[in-house]
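Read through the structure below, which is laid out as structure tokens, and then see the notes.
By convention in this document, chain letters (A, B, ...) are assigned in the order of the sequence lines, proteins followed by strands, and residues within each chain are numbered from 1. If you're wondering where the values come from, they're calculated on a predicted model, not measured in any experiment.
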Amino acid sequence: MKNADIAHLFESIAYFLEVKDDNPFKIRAYRTAALSIKNLGEAIEAVAAEGRLEEIPGVGKDLAAKIMEFLATGTMKHYEELKTETPEAVIDMMSVPGLGPKTAMLLYDKLKIRNIDELERKAKAHKVSGLPGIGDKTEENILKGISLVKRRAGTMTLKEALDAARDIIPRMKKLAAVKRIDAAGSLRRMKEAVRDIDILTVSKDPSSVMDAFVRLPMAKEVISKGNTKSEIVRDDGVQVDLRVVEPESYGAALVYFTGSKAHNVHIRQLAKKIGLKVNEYGVFRMKDGRRIAGRSEEEVDGALKMAFVPPELREDRGEVDVALEGKLPRLVDKRDIKGDLHVHSAWSDGDSQIEEIVRACIKKAYRYVVIADHSKGLKVAGGLSEKEARSKLKEIKTINGKLKGFRILSGAEVEIAEDGSIDYSDDVLKSFDIVIAAIHSGFKQPKEKLTRRILRAMDNRYVHIIAHPTGRHMGVRDPGDIDLEAVFRNAAATNTALEINAYPERLDLNDINARAARDAGAKIAIGTDAHTMEHLDSMELGLAVARRAWLTKGDLLNALSPDELLKSVRK
DNA sequence: GCCGTTTTCGGCCCGACTGTTTTCAGTCG
């Protein structure tokens with residue numbers, strides 16, 4: 001899939017044009033197109049082959065031609081040209097917060113700065129202050145920005161962000177001055193990767209809230225502290241922003257600070273068309289400036305004649321139009337989840353005995369758990385021989401005999417070999433309730449081979465679920481080069497479910513792919529891949545991916561009762 | 001560069017903050 005490559009090229013072009021001080025709307029057009037292509041649920045090669053490029057929102061004649069050019073030649077002339085005429089140092093410097101194209105270009109022109117280290121040296125030597133429009137303050141801020149860039153390890157996982165927010169929000173909630181408090185931003189949208197944490201509050205006494213915030217024990221550094229907005233950096237480098245608003249603006253502010261930016265732009269355009277203006281303070285009538293909504297998000301969406309859009313959907317992936325029609329899906333909910341479809345026990349590489357897992361799952365109000373230990377092919381993870389697998393089945397039977405209202409489903413996470421065969425014989429496979437097949441080696445194989453392995457595994461009538469289909473590990477390993485559309489089609493055709501693996505660094509399938517898989521007719525299974533009892537909590541993350549994929553409970557195996565599940569996966 | 005139940009040309013979301021300015025440019029979300 002070349003989607004990410006093309007999106008990246010368009011984003012780069014946007015930066016180049018910014019440095020050239022080109023038409024800002026043209027720059028926006030490139031960014032819009034890049035986002036649209038990232039959000040695409042299918043390979044852009046396929047869209048191009050069918051002549052549908054201009055159906056992609058934000059892609060017109062020009063950009064369609066550039067995409068075709070890239071697909072045919074592997075390069076884009078416009079990009080290459082801009083790249084040679086734009087100094088790399090300027091693009092580098094723009095990664096420093098507070099440094100935009102204008103200042104970066106100025107620094108490059110006047111001081112011939114070649115990289116960020118050099119910029120740091122010159123700023124420390126006070127060579128930056130005194131340039132036109134730059135004083136001591138700006139120089140100081142550049143140094144602050146550089147230290148921030150150096151410490152910031154890109155993004156954190158959704159789990160890390162949730163943990164950080166859950167460390168801070170309860171402390172702030174205890175303050176008498178805090179009337180309401182919510183996480184906002186990409187964290188509230190439950191995005192798989194989060195850059196900083198945005199928190200929104202209501203208070204009659206903002207300054208005392210700000211004081212308490214910057215004095216939090218985990219606040220290592222205070223970036224800014226104002227009356228309504230402050231920013232801190234935690235000891236682990238995570239930036240946390242806190243804002244205070246009036247109660248009558250809380251809903252509008254929550255919409256605004258939750259984003260996404262593309263979603264906000266879309267609803268503001270929409271508002272304009274019907275004579276309204278939306279900002280972070282409310283919804284206003286254009287003709288007399290009167291506020292008609294703002295206290296709650298429902299009120300804001302309602303004023304725009306939209307159904308309430310759940311935060312997870314606010315990515316400008318069609319949710320605005322569907323909300324206008326009042327046809328948003330009822331997203332799958334925590335209460336719909338009746339079981340975990342992928343848990344490892346101490347039989348292979350898990351920490352816990354089956355009985356302990358059962359107790360933990362009963363606590364979560366589940367009705368079943370699939371104990372899916374590794375198979376003999378994955379020796380490093382203590383994969384079970386056929387004989388051990390039989391002993392495990394016996395133990396499960398014994399424990400099940402003692403349980404009421406809860407059931408252990410016997411499972412295995414089996415290996416998909418190089419040729420797509422499975423490392424247990426059919427006789428062994430059919431003794432399990434649920435068989436999950438997975439690739440654990442050879443992710444870098446060529447697309448055809450990798451795809452064929454998965455397709456063949458799905459053709460096995462005893463394989464019910466494909467685990468972590470793309471094999472990605474955020475920050476460690478990119479997704480394998482796989483023809484996902486072929487996988488989705490075959491999943492539907494063979495009644496093989498595809499997993500949303502809820503392991504924090506996996507989240508695989510991701511939101512976009514899970515939605516495309518469902519649209520292709522595939523069933524989806526959330527599995528935590530838990531190896532410890534804490535890992536069972538990752539269901540929350542898998543559920544977030546499912547919601548961001550627009551899934552309803554009818555799309556998820558986890559929403560079925562044990563009996564329904566066993567019936568549903570039969571081939 | 002895209003886009004069109006107000007348009008194929010003339011728009012394109014909206015506001016805050018900061019710093020360096022005497023009215024605004026740059027940056028950010």
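Tested against A:E42 for a salt bridge (charged side-chain N to carboxylate O under 4.0 Å, His left out), the candidates A:R52, A:R515, A:R489 yield a single pass: A:R52. Each of A:E298, A:E297, A:R314 was scored for a side-chain contact (heavy atoms from CB on, under 4.5 Å) with A:V309, with one residue passing: A:R314.
For the pair A:E80 (side chain) and A:T75 (backbone), a donor-acceptor distance under 3.5 Å is absent. Judged by distance alone, with hydrogens and angles left aside, the side-chain atoms of A:K112 form a donor-acceptor pair with the main-chain N or O of A:D109 at under 3.5 Å.
One P atom belongs to B:dT21, the other to B:dC13, and the distance between them is 31 Å to the nearest Å. When the C1' atom is compared between B:dT6 and B:dC12, the two are found 16 Å apart, to the nearest whole Å. Using C1' as the reference atom, B:dC3 and B:dT7 are 10 Å apart when rounded to the nearest Å. Between B:dG1 and B:dT5, the two P atoms lie 23 Å apart (nearest whole Å). Annotation: B:dG10 and B:dA16 have their C1' atoms spaced 28 Å apart (nearest Å). On the C1' atoms, B:dT23 is 15 Å away from B:dT18, given to the nearest whole Å.
Side-chain nitrogen and oxygen atoms of A:T138 include none within less than 4.0 Å of the OP1 or OP2 phosphate oxygen of B:dG26. Checking the phosphate oxygens (OP1, OP2) of B:dG19, a side-chain nitrogen or oxygen of A:N141 falls inside 4.0 Å. Taking 4.0 angstrom as the limit, A:K273 places none of its side-chain polar atoms (N or O) nearer than this to OP1 or OP2 of B:dT5. Dashed line: the shortest gap from a side-chain N or O of A:Y256 to OP1 or OP2 of B:dC13 is not under 4.0 Å. For the pair A:N279 and B:dG15, the criterion of a side-chain N or O lying under 4.0 Å from OP1 or OP2 is met. Side-chain nitrogen and oxygen atoms of A:K272 include none within less than 4.0 Å of the OP1 or OP2 phosphate oxygen of B:dG11.
With a 3.5 Å ceiling on both atom-pair distances, the Watson-Crick or G-U wobble partner of B:dG4 is B:dC9.
Classified by interplanar angle (parallel below 30°, tilted 30° to 60°, perpendicular above 60°), the ring pair A:Y30/A:F10 is perpendicular.
When rounded to the nearest whole Å, the span between CZ of A:R189 and P of B:dG29 equals 13 Å. A:H266 places its NE2 atom 16 Å from the P atom of B:dC12, with the value rounded to the nearest Å. In this structure, A:K144 atom NZ and B:dC28 atom P are separated by 15 Å, rounded to whole Å. Taking atom CG on A:L107 and atom P on B:dT27, their separation rounds to 10 Å, with Å as the unit. Atom CD in A:E140 sits about 14 Å away from atom P in B:dT18, given to the nearest Å. Here B:dC12 presents its P atom at 16 Å from NZ of A:K261, a figure rounded to the nearest Å. Protein atom CG of A:L131 is 17 Å distant from nucleotide atom C1' of B:dT21, rounded to whole Å. Per the geometry, CD belonging to A:E54 stands 13 Å off P belonging to B:dG1, to the nearest Å.
When heavy atoms are screened at a 4.0 angstrom cut-off, A:K277 is found touching the sugar-phosphate backbone but no base atom. In this structure, A:T103 reaches the sugar-phosphate backbone alone: every heavy-atom distance under 4.0 Å involves primed, P, OP1 or OP2 atoms, never a base. Using a 4.0 Å heavy-atom distance criterion, A:L99 is classed as a sugar-phosphate-only contact. Using a 4.0 Å heavy-atom distance criterion, A:I27 is classed as making no nucleic acid contact.
The stretch residues 12-26 of chain A touches DNA chain B through A:N23, A:F25, A:K26, each having a heavy atom under 4.0 angstrom from the strand.
Residue A:K102 has its side chain nearest to B:dG26 when only B:dG26, B:dG29, B:dT20 are considered. Listed nucleotides: B:dG29, B:dG1, B:dC13. Nearest to the side chain of A:R28: B:dC13. For A:R195, counting side-chain heavy atoms from C-beta on, the closest listed nucleotide (B:dG29, B:dC2, B:dC13) is B:dG29.
Looking only at side-chain heavy atoms (C-beta outward), A:M68 and A:L53 come within less than 4.5 Å of each other. Side-chain contact check for A:E120 versus A:I142: every heavy-atom pair is 4.5 Å or farther apart.
In this structure A:R317 satisfies the side-chain hydrogen bond (donor to acceptor under 3.5 Å, both in side chains) test together with A:N39, A:D511, sequence neighbours excluded.
Looking at which nucleotide of DNA chain B each of A:R268 and A:G60 is closest to, the 5′-most match is held by A:G60. Residue-to-nucleotide proximity on DNA chain B shows that, of A:F257 and A:Y281, the 5′-proximal contact is made by A:Y281.
Considering CG of A:N23 and CD of A:E18, their distance stands at 12.0 Å, rounded to 0.5 Å.
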